[in-house]
Amino acid sequence: MTRELGVGIIGCGNISTTYFSLAPLFKGLKVLACADINAQAAEARAKEYGVKAQTIDELLVNDEIDVVVNLTIPDAHFRVSKAILEAGKHVYSEKPLVLSLEEGEELRRIAKQKNLAVGCAPDTFLGGAHQLARKFIDDGGIGRVTSGACYVMSPGMEMWHPNPDFFFLPGGGPILDLGPYYIANLINLIGPVKRVGGMTSMASPSRTITSQPRNGEIIPVKTPTTIQALLQFVNGATVTLTASWDVWSHRHANMELYGTDGSLYVPDPNFFGGVVEASGRDKDIKPLDAWEHPFGKINQESPNGSRANYRTAGLADMAMSLIEGRDARCSLDRTLHGVDVMTSILKSGEEGRFIDLTTTCTQPAALGIEEAQALLK
């Protein structure tokens with residue numbers, strides 16, 4: 001029987017329900033305890049999901065816990081992940097892993113010293129749609145990828161999120177909040193990035209919350225809310241990425257990749273499923289033949305319709321990589337490279353010059369149907 005890793009969760013806000021509810025789908029994981037700076041939040045989640053509520057200090061010395069999931073706010077990610085590693089436990093963090101390359105390198109140093117693993121979301125690139133796109137590229141479906149365009153744009157978070165403040169502070173903004181999904185998928189599909197250039201701006205120095213319970217409250221904006229970037233990949237491809245919270249509507253597709261023999265149309269990297277389309281030199285755009293990838297199957301209803309949601313797949317893959325002695329797909333090297341890409345884009349916008357990246361990584365191993373099924377109970 002496959003060994004299970006004991007899992008603890010630090011941070012019991014909205015995103016924690018996803019990990020609590022979806023972790024039971026996967027092998028290698030058993031959520032045992034949770035903690036939060038707000039003890040009542042931890043107690044509420046513990047009661048809801050049948051686990052133990054602890055203080056953060058108690059969870060970090062809990063001998064039953066092998067890996068801790070860090071679901072705190074981005075500004076606390078480094079501090080909490082460092083404490084987890086220093087307590088001798090593996091870390092899996094929500095995105096972004098850290099807010100600077102220096103913080104990430106410090107985590108790498110501690111993890112190496114203590115022989116521990118660090119992994120990080122997003123894991124949506126493991127979804128059926130994105131793995132189908134990966135297979136199509138790997139099979140030569142559009143020839144060599146030469147360029148592409150990505151867009152993730154909306155009016156912002158203050159219309160629906162109850163506490164949107166942190167989205168508009170340093171460490172937030174659309175490139176660090178939504179960029180990880182796109183950059184992780186580009187690394188999955190194309191490989192590592194060589195250099196970047198960016199232009200940044202903000203439409204307003206403040207925002208008015210229109211969600212409840214803080215309707216009418218004005219909050220400051222202290223980070224760019226529109227970022228237009230150019231990414232040059234090691235393989236020579238150049239891809240534009242626009243991430244904005246200053247756009248009310250648009251007609252851009254989420255992700256398009258162009259190759260020597262055709263074009264590929266990839267659905268929203270924020271989600272696991274969707275329709276993948278492609279054309280050849282005949283310019284005839286058609287959906288790719290559907291495949292029975294388990295992480296593309298509809299398993300959830302939402303206000304926006306039915307969808308496939310398998311978040312926690314990256315944590316499960318990390319757990320099984322520790323058990324099986326292999327590389328995790330949401331690895332520290334790939335995550336840190338993504339942080340390098342995002343922070344370098346912001347630095348480029350500030351300094352008005354292209355930035356050569358100092359990190360690199362390999363493409364993650366593809367996650368085909370059999371490999372995905374092997375992660376599920």
Side-chain angles (χ1 to χ4, degrees), residues 5-23 26 28-39 41-42 45-46 49 51-62 64-112 114 116-124 166-167 171-172 176-177 180-181 184 311-319 321-322 328-336 338-339 342:
L5 298 186
V7 177
I9 293 177
I10 296 179
C12 295
N14 289 340
I15 189 62
S16 69
T17 60
T18 298
Y19 284 84
F20 278 116
S21 61
L22 294 178
F26 297 95
L29 303 174
K30 187 172 181 59
V31 180
L32 299 173
C34 64
D36 194 284
I37 194 170
N38 179 349
R45 287 285 184 255
Y49 291 100
V51 302
K52 182 187 297 184
Q54 297 188 300
T55 66
I56 293 173
D57 289 341
E58 287 171 344
L59 189 146
L60 291 178
V61 298
N62 185 339
E64 295 182 311
I65 303 298
D66 301 294
V67 56
V68 179
V69 181
N70 182 358
L71 304 182
T72 59
I73 62 172
D75 189 48
H77 280 181
F78 168 69
R79 183 171 66 255
V80 173
S81 291
K82 182 179 179 181
I84 294 166
L85 290 173
E86 289 176 338
K89 301 184 186 303
H90 306 292
V91 175
Y92 186 87
S93 175
E94 251 304 323
K95 51 79 189 171
L97 174 69
V98 287
L99 301 183
S100 73
L101 194 56
E102 292 75 18
E103 290 177 341
E105 292 293 358
E106 175 68 2
L107 294 185
R108 191 207 299 269
R109 182 190 66 79
I110 299 170
K112 184 176 181 180
K114 291 182 171 289
L116 294 169
V118 178
C120 187
D123 55 4
T124 44
F166 72 91
F167 288 111
L176 285 170
D177 183 63
Y181 298 100
R311 293 176 195 260
T312 309
L315 173 62
D317 180 69
M318 175 179 156
S321 75
L322 291 167
R329 291 173 172 88
C330 296
S331 68
L332 176 58
D333 285 349
R334 296 184 191 100
T335 299
L336 200 52
V339 169
M342 293 183 292

J.: With rounding to the nearest 0.5 Å, note down the distance linking CG in Leu60 to CG in Leu85.
T.: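 CG of Leu85 is found 10.5 Å from CG of Leu60.
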J.: Can you find a heavy atom in the side chain of Met318 that is under 4.5 Å from one in the side chain of Cys330?
T.: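 Not in contact.
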J.: Before giving the answer on side-chain contact (heavy atoms from CB on, under 4.5 Å), spell out for Val118 and Thr335 the whole-Å C-alpha distance, their side-chain angles and the decisive distance to 0.1 Å.
T.: CA-CA 9 Å; Val118 178; Thr335 299; over 6 Å; no
J.: Is any side-chain heavy atom of Phe78 closer than 4.5 Å to one of Ser100?
T.: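 No, too far: nothing below the 4.5 Å cut-off.
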J.: State which residues pass side chain to side chain donor-acceptor pair (under 3.5 Å) with Lys89; sequence neighbours excluded, sorted by chain then number.
T.: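 Side chain to side chain donor-acceptor pair (under 3.5 Å) list for Lys89, sorted by chain: empty.
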J.: Evaluate the criterion side-chain contact (heavy atoms from CB on, under 4.5 Å) for residue pair Ile9 and Val68; output intermediate values, then yes/no.
T.: CA-CA 6 Å; Ile9 293 177; Val68 179; over 6 Å; no
J.: What is the minimum heavy-atom distance between Ser93 and His77, and which atoms define it?
T.: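 Heavy atoms of Ser93 and His77 come nearest at OG-ND1, 3.8 Å.
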J.: Taking all non-hydrogen atoms of both residues, which atom of Phe20 and which atom of Cys34 are closest, and how far apart?
T.: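 Here Phe20 and Cys34 meet closest at CZ-CB, 3.7 Å.
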J.: Within this structure, what is the CG-CG distance for the pair Leu71 and Asn14, rounded to the nearest 0.5 Å?
T.: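 The distance works out to 11.0 Å.
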J.: List for me each residue that meets side chain to side chain donor-acceptor pair (under 3.5 Å) alongside Asn70, sequence neighbours excluded, and say none if there are none.
T.: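 Asn70: side chain to side chain donor-acceptor pair (under 3.5 Å) contacts with Thr72, Ser81.
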J.: What pairs with Leu99 under side-chain contact (heavy atoms from CB on, under 4.5 Å), at least two apart in sequence or on another chain?
T.: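 Leu99 satisfies side-chain contact (heavy atoms from CB on, under 4.5 Å) with Pro74, Asp75, Pro96, Glu103, Leu176 only.
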J.: Rounded to the nearest 0.5 Å, what separates atom NE2 in His90 from atom CD1 in Ile65?
T.: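 Going from the NE2 atom of His90 to the CD1 atom of Ile65 covers 12.0 Å.
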J.: Of the non-hydrogen atoms in Leu315 and Asp123, which two are nearest, and what is the gap between them?
T.: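 Reported closest heavy-atom pair: N-OD2, 4.4 Å.
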J.: Between Asp177 and Gly172 (side chain of the first, backbone of the second, donor and acceptor by atom type, cut-off under 3.5 Å), is there such a pair?
T.: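 Judged by distance alone, no pair lies under 3.5 Å.
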J.: How long is the straight-line distance from OG1 of Thr312 back to CG of Leu29, given to the nearest 0.5 Å?
T.: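 Answer for the CG-OG1 pair, Leu29 versus Thr312, is 7.5 Å.
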J.: Step by step, work out the side-chain contact (heavy atoms from CB on, under 4.5 Å) result for Leu116 and Val91.
T.: CA-CA 8 Å; Leu116 294 169; Val91 175; over 6 Å; no
J.: Show your reasoning for whether side-chain contact (heavy atoms from CB on, under 4.5 Å) applies to Ile10 and Asp36.
T.: CA-CA 6 Å; Ile10 296 179; Asp36 194 284; over 6 Å; no
J.: Quick one: salt bridge (charged side-chain N to carboxylate O under 4.0 Å, His left out) partners of Arg108, sequence neighbours excluded?
T.: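 Result, salt bridge (charged side-chain N to carboxylate O under 4.0 Å, His left out) vs Arg108: Glu105, Asp333.
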J.: For the residue pair Gly28 and Ala319, what are the closest heavy atoms and their distance?
T.: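 Looking at all heavy atoms of both residues, the closest pair is O-CB, 3.7 Å.
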J.: Do Lys30 side-chain atoms and Val7 backbone N/O form a donor-acceptor pair below 3.5 Å?
T.: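 Such a contact is absent between Lys30 side chain and Val7 backbone.
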J.: Just jot down the side-chain contact (heavy atoms from CB on, under 4.5 Å) partners of Glu58, sequence neighbours excluded, or say none.
T.: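 By the side-chain contact (heavy atoms from CB on, under 4.5 Å) rule, Glu58 matches Gln54, Thr55.
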J.: From Tyr19 OH over to Tyr49 OH, what is the distance, rounded to the nearest 0.5 angstrom?
T.: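 The OH atom of Tyr19 sits 13.5 Å away from the OH atom of Tyr49.
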J.: Ignoring hydrogens, what is the shortest heavy-atom contact between Tyr181 and Pro122? Give both atom names and the distance.
T.: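 Heavy atoms only, the tightest pair is CD2-CB, 3.4 Å.
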J.: Is it the case that the side chain of Arg311 and the backbone of Leu22 share a donor-acceptor pair, with hydrogens and angles ignored and the cut-off at 3.5 Å?
T.: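 Not at all, since once roles are kept as given, no pair shorter than 3.5 Å links the two residues.
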J.: Looking at OG of Ser321 and CZ of Arg329, how far apart are the two atoms once the value is rounded to the nearest 0.5 Å?
T.: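 Spacing of OG (Ser321) from CZ (Arg329) equals 9.0 Å.
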J.: Mind checking salt bridge (charged side-chain N to carboxylate O under 4.0 Å, His left out) for Arg45 and listing every partner two or more places apart, or none if nothing turns up?
T.: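 Per chain and number, Arg45 pairs via salt bridge (charged side-chain N to carboxylate O under 4.0 Å, His left out) with Glu48.
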J.: Check whether any side-chain heavy atom of Lys52 sits under 4.5 Å from a side-chain heavy atom of Leu32, and report yes or no.
T.: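 They are not in side-chain contact.
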